[in-house]
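Data block below; observations after.
Note that this is a predicted model, so its numbers are computed, not measured. Naming convention: chains lettered A, B, ... in sequence-line order (proteins, then strands); numbering from 1 in each chain. As a basis for the values below, the full set of heavy atoms in this structure was taken, side chains included, without hydrogen atoms, waters or symmetry mates.
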Amino acid sequence: MAQEIDQGYDPKEVEPKWYAAWEENGCFEGEVEEGKEAYSIMIPPPNVTGILHMGHVLDNTLQDIFIRRARLEGKSTLWFPGTDHASIATQNKVEQALRKEGKSRRDIGREKFLERAWQWSEEHGGIILKQLRKLGASCDWRRTTFTMDESYERSVRAAFVKLFERGYIYRGKRLVNWCPASQTALSNEEVVMKPQKGKFWKMRYELVDQPGRCLEISTTRPETIMGDTAVAVHPDDERYADLVGKKVWRPFPRAEIPIIADRAVEKDFGTGALKVTPAHDQVDFEIGKRHDLPVIDVMNPDGTLGEAAGPEFAGMDRFEARKKAAQKLEELGLLVDTEDYENNVGFSERADVPIEPRLSEQWFLKYPKVAEAKRAVEKGMINFHPKRWEKVYLNWLNNIQDWCISRQLWWGQRIPVWYRKDADRTDSANWHVSVDGPSDPESWIQDDDVLDTWASSYLWPFATFGWPNTDEKTLKELAHFYPTSTLVTGFDIIFFWVARMVMAGLELYGEDKESLTDEEIKARIPFKDIYMHGLIRDAQGRKMSKTLGNSPDPLDLIEKFGADGLRFGIINIAPSGSDILFAEERIDIGRNFCNKLWNACRFRQMNGPVDANLSLDAIVERIKASPLDGYSNWILQRLLDTTREIESQFAKFELHQLSHTLYNFVWGDFCDWYVEASKALLKDKEDPRCTMALAVSDLVIRQSLQLLHPIMPHITEELWHAMGYCEEGDFLQNAVLPSAAELSDKLAAGGIAVDAAAAVQVEGVKELISKARAVKAEYNLASKRDVTLFVTPADAASSAVVRENLDTIKKLAGAEAIELRDAVDGAPGSVCSLGTVYLDLSSAIDVEAEKERLGKELEKLDKAIQAGSGKLNSPNFVNKAPAHVVEGARKQLAETQAKRDEIARLLASL
RNA sequence: GGACGGGUAGCUCAGUUGGUUAGAGCAACUGGUUUACACCCAGUAGGUCGGGGGUUCGAGUCCCUUCCCGUCCACCA
């Protein structure tokens, strides 16, 4: 029930109270509601051990806005929360902790390590979910899922088995991206290229059958010389045509290697001769395959040189070995020259060390349903917002390569493949692939590796519901909530996650099929819309990072601005899909806006009881009691416009406009004009116009709170109750938000005809008031509230409008009296559409200053007239432009001319 | 090398299908305490819309070209 509103909004009092109440009352619980449209969002699961940062604030505020809006529209909603085990990131953290104790994971073994990791994830896990609650996130927390929950893991294994059985998953010995720090294979997406300064060594290899004759070769990696098994030149390179088929001496270990011809070599690069190291370079590996070259792996998994590198190098770090190899070339007299060189080197995204191409046995996924994944987007079954991300997505799919999904890590879902003990692992006859493992486990050994994290989270949209279980609950919920409605995420994981989820859904959500029809695609896609937001950066545009210390703790910001203030603030500065420059001052607006809204309600409450607000009908009934005055008509018109605008912004996924539209309406229209104007009516509580103004305020506030609720849930809930819009124990979200059309109909049905044309008149009154204020300010009388104003109306209609709004004008312009006159001379004035408004100041007028002011205005109008008449005098414009544009230009010119004449007259009268 | 995004007021950004004299918030400046709010009110100033060319009656908006900034993809050893 309604309660008194205190002075000053204190989010600390309000926010925790309502969050607790919502949770206790199951406000966020998403259940299948037959007959209602479903709306669901899957949270992009944050890392289990992560803590909330500004990116999460943005991402989750957006999701909460979507889901709360859907709730207000009366949909059957579900926001599904959870966390990701983040295999490599979490394992790194646990290993770091171990290292502090002077241990490595191999010292303690897999079992003990996993114990530690679980302990770690339980200690830190869930912190972020608690923080999300502080932000007001309305997730159905009962459903919180962790990607290493037993049920989720079963889904992951089931997916693996299905993909394996369908031939998409295979095991192969390939050159993969190897991270020597984490000692695991990585996917191409986990490798980032960075420019590195290094050296380019030119060396010479002597021909075996022509001692003294040498072939010059350039390299950036002399430490792999020991793994060279050929030298390659381009087949069309005339310089070397006679050498192909001959042999050169590899300097160390000294051995004969062939000179071969291969098109992969660039003639014009370096010397045009390439040392071929099949074990340590992708291109070389391909060449090696084509020419059947031996593969010599000279490196250990940890990035040190191996036995094959020879005793001098074995055990040495790869970068040490590089220097040493160069030195050795020099000693042997084989070094021609050395130059500084910058090239791009692949780094492990996580560990930030250069990766090594490394030959190893791994599991790969040949992506399924690539064509369908493209079609889904091309045909608009899945829509990116903003649309431009479509291209990025399609481009990736067009160049897609098989995905290395095995990781030599322990923390994660272990690959559900078992090998028969003491049998040949490379022979698939000795494999067992299943969800539950072999029935005679003692005869088998499970694969050591775990899956790439993304090879589990790509199932998130349906595995969370229990897929592939076929129990009633799972099927019913999936039928209702899948495909989910909107995916909200950053563009940085468009390949890692978004595209892979699409393919996983298309392949796995349904029967095994070679290809899919459009109807089948629609049923299988994981989401229909993708809202891509930008990355949060600091005020200088730098990425936020711990080391830079430019990453504010959202909890501090919530403490300072309130969750609602932070939410509004972050939404307000988030442009459509590009990077967001964050600075704390930019959040001020959110806190200030909360306070403004709060005080608007407080003001309303101070002017009368709010005991007849329980339903929209009750409020409409009260408005009916007396005819609308101009301002009330105007604000209702603006309310309908605003409601419509917000509808369109949601429909078009233009969320960056929401906060601006609502801020302008609540602050600019309602508080600055309607509330101020209504003060004239509120003086006399017995006046029916007072009752009407209060009822109109109640309607505007009610609708505004609903429109704002998705952005600022706590304060709107508090005010919803304080303003008596619902019974105790009920919640804002249970009142269905009327659409602009519904609201308009409801008003019409109640006999309240909102008149758009009359609303325009009010714009004229506002203009007159602003002009009057400006003239007063010019004479340093802005705060004087007892001046006399003269108005010379433009015509009879204007005169009537001014008369009707006399009280309001007096109140808002700060005048004691307003006199309508036919002509005024020698007073400072300002021309507006309703007429000219003058300040009664004949005695004290500063003629020079006034002349200057009017002169400036005159100049501006002259320019406009010149442009306008020029346009209208041109037959081209009059003949070619559409009639309404010409008409508009004529009207505009006439008005401007009238204004100009009036100002000229004013000037003359001085 | 390929693709995309951006360049509009001191700063951060809006600006629908081309159509009045290009907007907002912050900052600045001036003046204030009015039936709520100094987390406030009123007012002022500030822009040749990156440069050049074109299409058009008309361009911040469309086309071409060019210069900056940023991102992604590719990777010549």
Residues L789(A), E816(A); criterion side chain to side chain contact (heavy atoms under 4.5 Å, CB included); working and verdict:
CA-CA 8 Å; L789(A) 297 175; E816(A) 194 171 45; over 6 Å; no

Ring centres of Y9(A) and W598(A) under 6.0 Å apart?
yes

Quick one, K197(A) with E342(A), criterion salt bridge (charged side-chain N to carboxylate O under 4.0 Å, His left out). Give me CA distance, side-chain angles, the key distance, then yes/no.
CA-CA 4 Å; K197(A) 288 194 165 69; E342(A) 187 173 294; 3.6 Å; yes

Complementary nucleotide of U71(B), counting Watson-Crick and G-U pairs under 3.5 Å:
A3(B)

Does a side-chain N or O of N595(A) approach OP1 or OP2 of C40(B) to a distance below 4.0 Å, or not?
no

Under 3.5 Å between N/O atoms: give me all the protein pairs with nucleotides 41-45 of chain B, atom names plus distance.
residue: C41(B); atom: OP1; partner: K596(A); partner atom: NZ; Å: 3.0
residue: C41(B); atom: OP1; partner: W667(A); partner atom: NE1; Å: 2.5
residue: C41(B); atom: OP1; partner: D672(A); partner atom: OD1; Å: 3.4

For F593(A) and F568(A), I'd like to know if the aromatic rings sit close, meaning centre-to-centre distance below 6.0 Å.
yes

For Y341(A), answer base if it contacts any base atom (sugar-phosphate contacts may also be present), sugar-phosphate if it contacts only those atoms, and nothing otherwise; contact means non-hydrogen atoms under 4.0 Å.
sugar-phosphate

Residues forming a side-chain hydrogen bond (donor to acceptor under 3.5 Å, both in side chains) with E190(A), sequence neighbours excluded:
S187(A), R407(A)

Looking at residues 583-592 of chain A, who's got a heavy atom less than 4.0 Å off RNA chain B?
R586(A), I589(A), R591(A), N592(A)

Considering Watson-Crick and G-U wobble pairs with both distances under 3.5 Å, what does G47(B) pair with?
none

Would you indicate what P875(A) reaches in the nucleic acid, counting non-hydrogen atoms under 4.0 angstrom: base, sugar-phosphate, or nothing?
nothing

Just checking D268(A): base, sugar-phosphate only, or nothing, at a heavy-atom cut-off of under 4.0 Å?
nothing

Write down the distance between CD1 (I580(A)) and C1' (G5(B)), rounded to a whole number of angstrom.
14 Å

Looking only at side-chain N and O atoms, does K811(A) come under 4.0 Å of OP1 or OP2 in U35(B)?
yes

Does D579(A) form a salt bridge (charged side-chain N to carboxylate O under 4.0 Å, His left out) with R537(A)? I'd like the steps, not just the answer.
CA-CA 7 Å; D579(A) 288 347; R537(A) 295 169 174 277; 2.6 Å; yes

Just to be sure I understand the rule, does N344(A) reach a base, reach only the sugar-phosphate, or reach nothing, if contact means heavy atoms closer than 4.0 Å?
base

K679(A) to F603(A), cation-pi by 6.0 Å centre distance and 45° axis angle:
yes

Is the centre of the F665(A) ring less than 6.0 Å from the centre of the F670(A) ring?
no

d(NE2, H533(A); C1', U71(B)) in whole Å:
15 Å

From C4(B), C57(B), C13(B), nucleotide with atom closest to F877(A) side chain
C57(B)

Just to be sure I understand the rule, does R602(A) reach a base, reach only the sugar-phosphate, or reach nothing, if contact means heavy atoms closer than 4.0 Å?
sugar-phosphate

Closest-nucleotide ordering on RNA chain B, the 5'-leading residue of F495(A) and K685(A)
K685(A)

Identify whether any heavy atom of V283(A) sits under 4.0 Å from a base atom; if not, whether one sits that close to sugar-phosphate; answer base, sugar-phosphate or nothing.
sugar-phosphate

Choose from U35(B), A77(B), U16(B) the nucleotide whose nearest atom is closest to any side-chain atom of V265(A).
A77(B)

Whether K685(A) and D687(A) form a salt bridge (side-chain N of Lys/Arg under 4.0 Å from carboxylate O of Asp/Glu) is what I want to check.
no

